[in-house]
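In what follows, every chain begins at residue 1, and chains take the letters A, B, ... in the order their sequences are listed.
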Amino acid sequence: MSKVIKNGQIAASDWRILPLPEGDDVAGVEIPAGRVIVPLAVWLARRDELLARGDVGLWFASHQGPEDVTDDIARLPVIAVDFPKFADGRGYSTAALLRTRYGYTGQLIAFGEVLRDQFNYLTRCGFDTLQPREGRYTDAQLDAAIASLRDFTVPYQASVVDPQPLFRRVARTGAKA
Amino acid sequence: MYRYDDYDQRLVDERVAQFRDQMRRHLAGELSDDEFRPVRLQNGLYIQRHAPMYRISIPYGHLASRQLRKLAYLARTYDKGYLHFTTRQNVQFNWAPMEVIPEICAELATVEMHSIQTSGNCIRNFTSDPFAGVAGDELIDPRPWAEILRQWATFHPEFAYLPRKFKIAVNGAKEDRAVIQVHDIGLDLKKNEAGEIGFRVLVGGGLGRTPIIGREIESFVPWQHIITYCEAVLRVYNRYGRRDNSFKARIKILVSALGIDEFRWQVREEWAHVKDGPNTLTVEEVHRVADFFEDPAYETLPADDAGYHHHIAEDLAFASWVKRNVRAHKKPGYASVTLSLKKPGVPPGDITSEQMELVADWADRFSFGEARVTHEQNLVLADVKKSELYTLWGLARKAGLATPNIGLLTDIICCPGGDFCSLANAKSIPIAAAIQERFDDLDYLHDIGDIEINISGCMNACGHHHVGHIGILGVDKNGEEWYQVTIGGSQGNHAGIGKVIGPSFARAEMADVISELIETYIEERHEDELFIDTVRRIGLDPFKARVYANRQPHRKAANV
Ligand code: HEM
Ligand code: SF4
């Protein structure tokens, strides 16, 4: 079981992420028992069945967004966003939208090419769980990587974790005389 | 000038620590080249021809004398004793070894400087009018707004990995001196009928491979909402901009593909959700920032200074410098001076450590301790008393910074080209040098009058060649360097993209080609008509005819 950073701590990943089924057989794919995160397409095809289970979440590919599942969001125990490349920044907007516009409060996982150099931005956009690719970091490196969560401690702009921008958070002094 | 408080300082210090660790991990093999790339780019570090190229941010072009001194020191210590000012109002090192960049970052942080987001696919340095705050035609000072937006964009978590780079410029004067029409977002400050401040917003402009003039997306966004509006634009772009092909990834391509009306609709849809949210600006915040840009302690002076007029009458060289390099100032008795970094024989925009230290001294002595960078790659001392212009001129002349050529043919905008840049198709600095050498007669230059020659070593257009009255573009043909010429481009309120006059030329021909273009203009011009106006009136044909008259036979090979 791979390790993740969850709410700032190392943890075992307790969700299984189901890849896109081969041949895009979203209707026929076997969905294992237990906590599982399915691709958006599978969710859309099997929504009623999966909703009834209560232990199934969905994941968005980087080009997908919450628009198609807005009614389900409140009932999802977990949502994940794939980062096929760490430089693909669409997932940041997906997270921000889920957390602000769609009021999602459950677990939000960033997985795929998730590097420590992006941890600070990812968490500020609302991801509480960071799941680097299996084998990308040794245990020691992942431990060390926790420091990156706090790369910037007084950001200027509003974000999911600091909904007020700096100019509303603190009284900043004016020009020096 | 904006001064850091503890928060600004802390962020910059935290960046130094972050980058130091990233460099350490990279050198230790924990961060691969590919993984390090965007990280280093967002900190201004390119891998270039000779050494890494390191780009430092100069927000809206403002530099304090102590910052100039620091740059001079860094250039002497880590580079070859000179630096390069760019069309983005930034400054670049060309020779500093990669390993020392964290050291340079730390040094910069001690004088409220950094290299954050000077490159990479993120929101870049905010550019603005180098004469902000002192120009007579200014309606609203753009600097507080540029600073407020700079802060919003710095380390913005959602927009650090955009499809492509993103450039924003702010203008607040009648004349656009910030080239807002060729920016991803161009902001023009204005007042509505009720006298309230807001922004006309342009979107989707840009040069590079597909040069496009920005379109108006909103005629008036009230100031309170400018951050949320920009956020809406960026979010639409981040989600829907193309990522499959980096040549088609700029926002201009998205805007063109959707059409401005559809794009506007999508942005408004997004904006409706974020408008009035926490990022809505407050009066207090705007005042806090605006206070930094209050007028310096100007003296009450007579509009005219007898000594100054005496010197103009007596000293022709001084008079010619005043005519080209000195601008009117909103305050009586003051003027703005442009120090030319276009002395023939020196690459446009280059400055030595000694010169920077001198400029810092003059800034302290004559101009409230501050200098500015122009996108034409010159330096400005914005607040000089007329009574001191003669003294300043004498000093600047000795230092090689008083070439009286601002706005003239030798005041060439030029990218580093093949001498420094690994993306270049051709050299550009030698072309600038050849033109400067050909046009060495000052009287002739003054007679030709205002004209802009812009040179880029490849289609990335770092030298803004598309908007030059004469634009020169380095092109590669079977491994050989050739140069394509456009005319009729312009920046400013009537920005336009120049048209190619025909097949390209060999390097050795370029000075002749420029001469022929100029001769055509001289023959065709009406009295007091500028080059660009003649081109607009008579079109390309007379220029083409002249340039290609004796050249046709050997052109085939170079028909690129
Ligand atoms: C030597 C290292 C440099 C590299 C590798 C480089 C790279 C690039 C690239 C790839 C583009 C095209 C971007 C696009 O259209 O998507 C570009 C555009 C540009 N660069 Fe540079 N550049 C360098 C130096 C400079 C310098 C020295 C300047 C200023 C003199 C500059 C200013 C610009 C400008 C103004 C543009 C056009 C912006 C636009 O398309 O709107 N760059 N650069
Ligand atoms: S225009 Fe091309 S050659 Fe010139 S600096 Fe830009 S990328 Fe390099």
Leading residue by heavy atom contact count with chain A [cutoff under 4.5 Å; candidates L234(B), L281(B), D34(B), D8(B)] | D8(B)
Who among E158(B), Q22(B), E30(B) has the most heavy-atom pairs with chain A under 4.5 Å?
-> E158(B)
Under 4.5 Å from any heavy atom of chain B - which part of D88(A) = both
Which region of T153(A), side chain (C-beta onward) or backbone (N, CA, C, O), has a non-hydrogen atom less than 4.5 Å from a non-hydrogen atom of chain B, or is it both or neither?
-> both
Chain A contacts, top residue of V289(B), I227(B), D13(B), L31(B) (heavy-atom pairs, under 4.5 Å) | L31(B)
For the candidates N120(A), D117(A), T94(A), which exhibits the highest count of non-hydrogen atom pairs separated by less than 4.5 Å from chain B?
-> D117(A)
When heavy-atom pairs shorter than 4.5 Å are enumerated against chain B, which of Q164(A), Q141(A), R116(A) gives the highest number?
-> R116(A)
For chain A, find which of P163(B), G241(B), P38(B) contributes the most heavy-atom pairs closer than 4.5 angstrom.
-> P38(B)
Going by an N to O cut-off under 4.0 Å, is there a salt bridge joining D162(A) and R124(A)?
-> no
Look at the side chain of Y237(B) and the backbone N and O of R164(B), then say whether any donor-acceptor pair between them is shorter than 3.5 Å.
-> yes
What do you reckon, are the aromatic ring centroids of Y60(B) and F126(B) less than 6.0 Å apart?
-> no
From the list T123(A), D151(A), V170(A), the residue making the most non-hydrogen contacts under 4.5 Å with chain B is D151(A)
Ranking L162(B), T282(B), D6(B), V39(B) by heavy-atom pairs under 4.5 Å to chain A gives rank one to T282(B)
Using 4.0 Å as the upper bound for N to carboxylate O, is an ion pair formed by R10(B) and E14(B)?
-> yes
Looking at R37(B), R15(B), E270(B), H287(B), which one has more heavy-atom pairs under 4.5 Å with chain A than the rest?
-> E270(B)
Considering only heavy atoms, which portion of S159(A) lies under 4.5 Å from any heavy atom of chain B: side chain, backbone, both, or neither?
-> side chain
Interchain contact, E231(B) with chain A, by part (heavy-atom threshold 4.5 Å) | neither
Can you find a side-chain donor-acceptor pair between Q131(A) and W15(A) that sits under 3.5 Å?
-> no
R136(A) versus chain B, heavy atoms under 4.5 Å apart: side chain, backbone, both or neither?
-> side chain
Measure across L142(A) and P132(A) and return the closest heavy-atom pair with its distance rounded to 0.1 Å.
-> CD1-CG, 3.9 Å
Contacting moiety of T228(B), where chain A heavy atoms sit under 4.5 Å = neither
Give, as side chain, backbone, both or neither, the part of L122(A) having an atom under 4.5 angstrom from any heavy atom of chain B.
-> neither
Residue pair S62(A) / R90(A), side-chain donor-acceptor N/O under 3.5 Å | yes
Decide whether Y7(B) and Q151(B) meet the rule of one side-chain donor and one side-chain acceptor closer than 3.5 Å.
-> no
Pick one of side chain, backbone, both or neither for F159(B), based on which atoms fall under 4.5 Å of a heavy atom in chain A.
-> side chain
Is chain A contacted by the side chain of A290(B), its backbone, both, or neither, given a heavy-atom distance below 4.5 Å?
-> neither
Between R47(A) and D71(A), is the closest basic N to carboxylate O distance under 4.0 Å?
-> no
Check step by step if ring-ring contact (aromatic ring centres under 6.0 Å, His included) holds for Y92(A) and F83(A).
-> CA-CA 10 Å; Y92(A) 296 84; F83(A) 286 79; 5.6 Å; yes
With no hydrogens and no angle check, do the side chains of E262(B) and Q266(B) hold a donor and an acceptor under 3.5 Å apart?
-> yes
